Amino acid sequence: MAVVLTVICMSTRLATLVSQGIPFGYLYNLWVTNGQGQHAFTSAPLFVVLLLSALLSLTTIFLYTKRKLQASMCLLIIVLNIIWYVLLAVMPQLTGGEMVLEWPAVLPAISIILSFMARKGILADEKLVRSLDRIR
């Protein structure tokens, strides 16, 4: 689910850029579009961080035999999504205006929650496997 939410966030508009109450552009993960339709790639780091997060989320699914690595990757995904929010907070200084966030800006937060829940479940599974090994 975290992969799907991350991909949706990567492909939709994040915010409307406003200066003195007048919208002058739109913020996407890969570029900023001004009123004339020109693209500036000042927000490309947002895209790169989300792309890494999505790829790690996807590869984590297939590492079910390596639970310790899987739990570490979940923690890395959480850190990447937090970095994405820090970069999003810096964007108004780069674009020269205020941002009015739209609903896709919440999706990485939901991905953080889902990754945290996955990590907790993975660690519980690891604990259960270790306890069964002691019983033998």
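Here the structure is a predicted model, which means the values were calculated and not measured.
Hydrophobic cluster membership is shared by Trp103 and Leu114, with clusters built from Ile, Leu, Val, Met, Phe, Trp and Tyr side chains linked at under 4.5 angstrom. Hydrophobic clustering places Met91 together with Leu101 (ILVMFWY residues linked when any side-chain heavy atoms are closer than 4.5 Å, directly or through intermediates). Val106 and Val4 fall within a single hydrophobic cluster, where Ile, Leu, Val, Met, Phe, Trp and Tyr are joined by side-chain heavy atoms under 4.5 Å apart, directly or via other members. Neither Ile8 nor Leu50 shares a network with the other; the hydrophobic side chains, linked directly or stepwise wherever heavy atoms of I, L, V, M, F, W or Y lie under 4.5 Å apart, form separate groups for each. Hydrophobic clustering (side-chain heavy atoms under 4.5 Å, transitive across Ile, Leu, Val, Met, Phe, Trp, Tyr) keeps Leu75 apart from Leu52.
When each of Lys120, Arg67, Arg119, Lys66 is checked for a salt bridge (charged side-chain N to carboxylate O under 4.0 Å, His left out) with Glu126, only Arg67 meets the rule. Screening Pro108, Ser72, Ser57 against Ile77 for a side-chain contact (heavy atoms from CB on, under 4.5 Å) leaves a single residue, Ser57. Residue Trp84 is tested with Leu88, Val86, Leu80, Leu87 for a side-chain contact (heavy atoms from CB on, under 4.5 Å); the sole match is Leu88.
Atoms CG and CE, on Leu46 and Met10 in that order, are 12.0 Å from each other to the nearest 0.5 Å. The structure places NZ of Lys68 at 10.5 Å from CG of Leu123, a figure rounded to the nearest 0.5 Å. How far CZ of Arg13 is from CG of Leu27: 10.5 Å, rounded to the nearest 0.5 Å. The structure places CD1 of Ile113 at 10.0 Å from CD1 of Ile78, a figure rounded to the nearest 0.5 Å. To the nearest 0.5 Å, atom CE of residue Met73 and atom CD1 of residue Ile61 are 10.5 Å apart.
Between Leu128 and Ser131 the shortest heavy-atom distance is O-OG, 2.8 Å. Closest approach of Val3 to Ala54, counting heavy atoms only: CG2-O, 4.0 Å. Closest heavy-atom contact between Ala2 and Ser115: CB-OG, 4.5 Å.
No donor-acceptor pair closer than 3.5 Å links the side chain of Glu102 to the backbone N or O of Leu14. Between the side chain of Ser111 and the backbone N or O of Leu107 there is no donor-acceptor pair closer than 3.5 Å. Judged by distance alone, the side chain of Tyr85 and the main-chain N or O of Ala105 form a donor-acceptor pair under 3.5 Å. Although no hydrogens or angles enter the test, the distance criterion places a donor-acceptor pair under 3.5 Å between the side chain of Ser43 and the main chain of Tyr28. Without hydrogens or angle criteria, Asn29 side chain to Thr12 main chain gives no donor-acceptor distance under 3.5 Å. Here the side chain of Thr59 pairs a donor or acceptor atom with the backbone of Leu56 at under 3.5 angstrom.
Looking at Met99 and Leu17, their side chains come closer than 4.5 Å, going by heavy atoms from C-beta outward.
Ring pair Trp31/Phe41 is perpendicular by interplanar angle, where above 60° counts as perpendicular and below 30° as parallel.
Within a 6.0 Å radius of CD in Gln93, other residues, nucleotides and ligands contribute more than 12 heavy atoms.
Through ILVMFWY side-chain contacts below 4.5 Å, Ile122 is grouped with nothing and stands alone.
Evaluation of the ring-ring contact (aromatic ring centres under 6.0 Å, His included) rule for Phe47 yields no partner, not counting sequence neighbours.
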